[in-house]
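The structure under discussion appears below in the form of structure tokens.
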Amino acid sequence: MAGPLPAMLSGLVGSGPFIVVDQFGYLPGLKKMAVLRNPVNGFDSADQYIPGATLQVVNTATNSVVFSGSPTPWNSGAVDASSGDSAWQFDFSAVTVPGTYEVVDAARNLRSARFEIGANVYRPVLVQAVRTFFYQRAGHAKLAQYAGANWADSASHMGPLQDSQARRYNAAGDASTQRDLRGGWYDAGDFNKYTSWGAGYVVDLLHAYTENESVWTDDFNLPESGNGIPDVLDEVKWGLDWLVRMQNGDGSVLSIVGLASADGGGRPSAATRQSLYGDASTSATLASAAAYAYGAQVYASLNTPAYDAYAADLAQRAKRAWDWAIANPNVLFYNNDASRGTAGLGAGQQETNDEGRASLRLAAAIYLYALTGDASYRNYVDSHYAEVKMMSSWWLSPYDAGVNRPLLYYASLPGATASVAQNIRTRYTELWERPDYAGWGAIADQRDPYRAHLDSYHWGSNGIKAQMGGMFADQGLYGLSQHSPAEIANAGAAYLHYLHGVNPLGKAYLSNMGAYGAENSVDQFYHSWFSDGTAWDSVRDSQYGPAPGFLVGGPNNTQYDWDDRCPGISPKCGPARPSPPYGQPGQKAYKDFNDSWPLNSWSVTENSNGYQTGYIRLLARYVAMPQTSQERAAVRVQVRDDREVPAAITVTYDRSLSNIPSPRWSPPHRSYLYRER
């Protein structure tokens, strides 16, 4: 009797993943594409997968086959340089009935991760993504009822000479420099608070709100939940309140508050060293002017008396900031720069160049015009918009989203100068349609088998993926494309699918999302709180693991390296650089690790509020509002596996919820994540 075929002849070698899908799910009316991958180059090149002739989509509740079809080779079987894979695409868009499914290759006895189809599969993900800002709050207690017992902590940086008694960076012993600068968000994996970047996060979150207001409810389980204001605006206010404290009486805005991390990592409240602030700068003041102005506009629109005075105060602060910045156009402050006496004040460098300040001035003028209707701000925009790269050099890039997206917003305002608005819209459209660019040209050419093309993979590539998806979504928002609404929606959603698992690693690039549907989410990432060796180090191997919902930096094959003194300087170095991420094709240049120096994981796995806001802004465009009280209750279901995780509202899982008779939404079937153990 003949034995089984050798693995190589059976079409399957190794453990994969070989069939990658969006692990959270797909909207019923949009394209659904699984990618089947055969590794050729990179760390997994010894693996092999040649799919069977027919694949199936199986409903996991009934174990019934609901769709069968054949995979299509990508680019005639060529190897994609960015991933090192040859690939097939399996289109199962015909499946639209809400439910939980798997893609199955019966011939190879291979299944994908489970996923849902439904009108609101992304809402639980959005809740957790927004809640990361609560975990990033400085000076606010994380009570267990909101944070979950695993991530509870007392208010950080509120001890003697910390945030409420912060002193100037070069006058740590001078009480006359003391300022109350409490609040705000930790910027990334460190605990520093940067004004220019923090103001940008405020603006992005406000846009996430205004671009799809109906999805923003008051039940994200924040301390402010239930106050009648959408929780995303409560979170934005936490950031704005800190920017208010950072403003000087003359309108200028301080640039940074440098915060200590806990020695050895761990809970933020364990950090006890002094907080120091940096001087005001033109760039910080302009960025804050935009945040104050847009905040004033949005909070005034709530028509809630409790926020009217707040909005009016923000409006005045925006004007004062603008006036100071115009009168002081080149006041610079470089933090963490030994040559300027600021070594150790923060980590990243937020000061910018002349071009950067020009972009910040333009954005501030746009939001001040939107707020006030004052022609002087409109005239500034009209006089300077042509200097932006998009207009002056035919370069449309996700790296310039901080000025390009405000320009699109300006072009949508009723009072904008018609010719200027048309020029902006026309230029954006023609650039994004160019066949040689990374926009519609990349889609037409199918440049990426995973359908989310980037020209290169470097520090923060996941954040750029989110911005790229947002650039497509903006075309739909502002009516800028010759493509149909469905084509635009599918183009933006493909970048979400990549971040949710349609990538060579089959990795959902959000932290600790197993309880929300991801079978392979981020296990560990670089963050002072969740650092190597602490109780929050790893979902798999530590007591608690990191909090859920953080978007990590992503693959980086152009900038990652260990310390140049390795090997030998530390036992962690080992005999060779960790590979992955080092020396891999772009999309495979990632590893779940959080080792600090000398392995320097931060350029691969560190989170950033900038990545997070870009992702939230994109994700929110694909979220629908639950229509019934039963749907709203179901979306807040907390399903636990073997570790505690926070939820908007913790309730007992009721299997009857899986039978909600609504065509608009399929509730989370996360109970199946208990698995058959």
Specify the closest pair of heavy atoms between Ala147 and Tyr135, including all atoms of both residues, with the distance to one decimal.
O-OH, 2.8 Å
Donor-acceptor pair, distance only, cut-off 3.5 Å: does the side chain of Tyr186 make one with the backbone of Asn609?
no
Flag the pair Arg405 / His207 as yes when at least one side-chain heavy-atom distance between them is below 4.5 Å, and no otherwise.
no
Minimum heavy-atom separation for Val202 to Ala291, with atom names?
CG1-CB, 3.9 Å
Stepwise, does the ring-ring contact (aromatic ring centres under 6.0 Å, His included) test hold for Tyr615 with Tyr509?
CA-CA 11 Å; Tyr615 171 72; Tyr509 281 117; over 10 Å; no
Do the side chains of Asp219 and Ser225 get nearer than 4.5 Å, heavy atoms only?
no
Under 3.5 Å donor-acceptor, Arg617 side chain and Asp204 backbone:
no
Going through the distances and angles, do Tyr450 and His497 end up as a ring-ring contact (aromatic ring centres under 6.0 Å, His included)?
CA-CA 9 Å; Tyr450 297 93; His497 299 326; over 10 Å; no
His140/Phe133 under ring-ring contact (aromatic ring centres under 6.0 Å, His included): CA gap, chis, key distance, verdict:
CA-CA 11 Å; His140 194 293; Phe133 280 87; over 10 Å; no
Check the orientation of Tyr201 and Trp185. Use parallel for under 30°, tilted for 30 to 60°, and perpendicular for over 60°.
tilted
So do the side chains of Met471 and Leu396 get within less than 4.5 Å of each other, counting heavy atoms only?
yes
Between Thr304 (side chain only) and Ala306 (backbone N and O only), is there a donor and an acceptor less than 3.5 Å apart?
no
Tyr310 ring centre to Lys237 NZ or CZ under 6.0 Å, with the angle to the axis within 45°?
yes
Whether the Gln350 and Asp187 side chains hold a donor-acceptor pair (N or O, under 3.5 Å, no angle test) is what I'd like checked.
no
When you compare the side chains of Glu433 and Ser481, does any donor N or O come within less than 3.5 Å of an acceptor on the partner?
yes
side-chain contact (heavy atoms from CB on, under 4.5 Å) for Glu387 and Ser392? Distances and angles first, verdict last.
CA-CA 6 Å; Glu387 300 164 9; Ser392 63; 5.8 Å; no
With sequence neighbours left out, what residues match Asp313 under salt bridge (Lys or Arg N to Asp or Glu O under 4.0 Å)?
Arg317
Do the side chain of Thr426 and the main chain of Asn423 share a donor and acceptor less than 3.5 angstrom apart?
no
Shortest non-hydrogen contact between Pro435 and Asp445, atoms and distance:
O-OD2, 3.9 Å
Would Arg361 pass as a cation-pi partner of Trp322, given that its NZ or CZ must be under 6.0 Å from the six-membered ring centre and within 45 degrees of the axis?
no
Testing the 3.5 Å rule here: is there a donor-acceptor pair between the side chains of His453 and Asp448?
no
Carefully, step by step, assess Lys319 and Asp374 under the rule side-chain contact (heavy atoms from CB on, under 4.5 Å).
CA-CA 11 Å; Lys319 295 171 187 176; Asp374 188 325; over 6 Å; no
Ion pair Arg131/Glu235, N-O distance below 4.0 Å
no
How would you list all residue pairs meeting salt bridge (charged side-chain N to carboxylate O under 4.0 Å, His left out) that involve residues 295-308, not counting sequence neighbours?
none
Is a side-chain donor or acceptor of Ser511 paired with a backbone partner of Ala547 at a separation under 3.5 angstrom?
yes
Can you tell me how the ring of Phe115 sits relative to the ring of Phe92, calling it parallel under 30°, perpendicular over 60° and tilted otherwise?
tilted
Side-chain touch Gln128/Thr132, heavy atoms, less than 4.5 angstrom:
no
Output the distance between atom CZ (Arg621) and atom CG (Leu126), rounded to the nearest 0.5 Å.
13.0 Å
Measure up the Tyr122 and Tyr622 rings against each other and bin them: parallel (under 30°), tilted (30 to 60°), perpendicular (over 60°).
perpendicular
Backbone of Thr417 reached by a side-chain donor or acceptor of Tyr410 within 3.5 Å:
yes
When you compare the side chains of Thr210 and Tyr294, does any donor N or O come within less than 3.5 Å of an acceptor on the partner?
yes
What distance do Ile326 atom CD1 and Thr282 atom OG1 have between them, rounded to the nearest 0.5 Å?
9.5 Å
What do the steps show when you test Thr96 against Ile117 for side-chain contact (heavy atoms from CB on, under 4.5 Å), and what is the final call?
CA-CA 7 Å; Thr96 60; Ile117 294 175; 5.6 Å; no
Donor-acceptor contact present, side-chain Tyr478 to main-chain Arg425, <3.5 Å:
no
I'd like to know if the side chain of Asn490 and the backbone of Lys31 have a donor-acceptor N/O pair within less than 3.5 Å.
yes
Can you see which heavy atom on Thr285 is nearest to which on Val253, and at what distance?
OG1-N, 3.0 Å
What is the distance from atom CD of Gln475 to atom CD1 of Ile488, rounded to the nearest 0.5 Å?
5.5 Å
Close side-chain approach of Val21 to Tyr26, heavy-atom, < 4.5 Å:
yes
Do any N or O atoms from the side chain of Glu224 and from the backbone of Asp231 form a donor-acceptor pair under 3.5 angstrom?
no
Polar side chain donor-acceptor pair, Arg320 to Tyr292, under 3.5 angstrom:
no
Distance-minimising heavy-atom pair for Gly554 and Ser461
C-OG, 3.6 Å
Quick check: closest heavy atoms across Asn512 and Pro546, and the distance to 0.1 Å?
ND2-O, 2.7 Å
To the nearest 0.5 Å, how far apart are CZ in Phe550 and OG in Ser608?
11.5 Å
What verdict does the side-chain contact (heavy atoms from CB on, under 4.5 Å) test give for Asn556 and Trp459, after you've listed the backbone C-alpha separation in whole Å, the side-chain angles of each residue and the deciding distance to 0.1 Å?
CA-CA 5 Å; Asn556 176 6; Trp459 200 328; 3.9 Å; yes
When you measure from the centre of the six-membered ring of Tyr498, is the NZ or CZ of Lys465 closer than 6.0 Å and no more than 45° off the axis?
yes
Can you find a heavy atom in the side chain of Leu551 that is under 4.5 Å from one in the side chain of Val522?
no
Indicate the ring-plane relationship of Tyr194 and Trp197, choosing parallel, tilted or perpendicular according to the 30° and 60° boundaries.
tilted
Any sub-3.5 Å donor-acceptor pair from Gln587's side-chain atoms to Tyr457's backbone N or O?
no
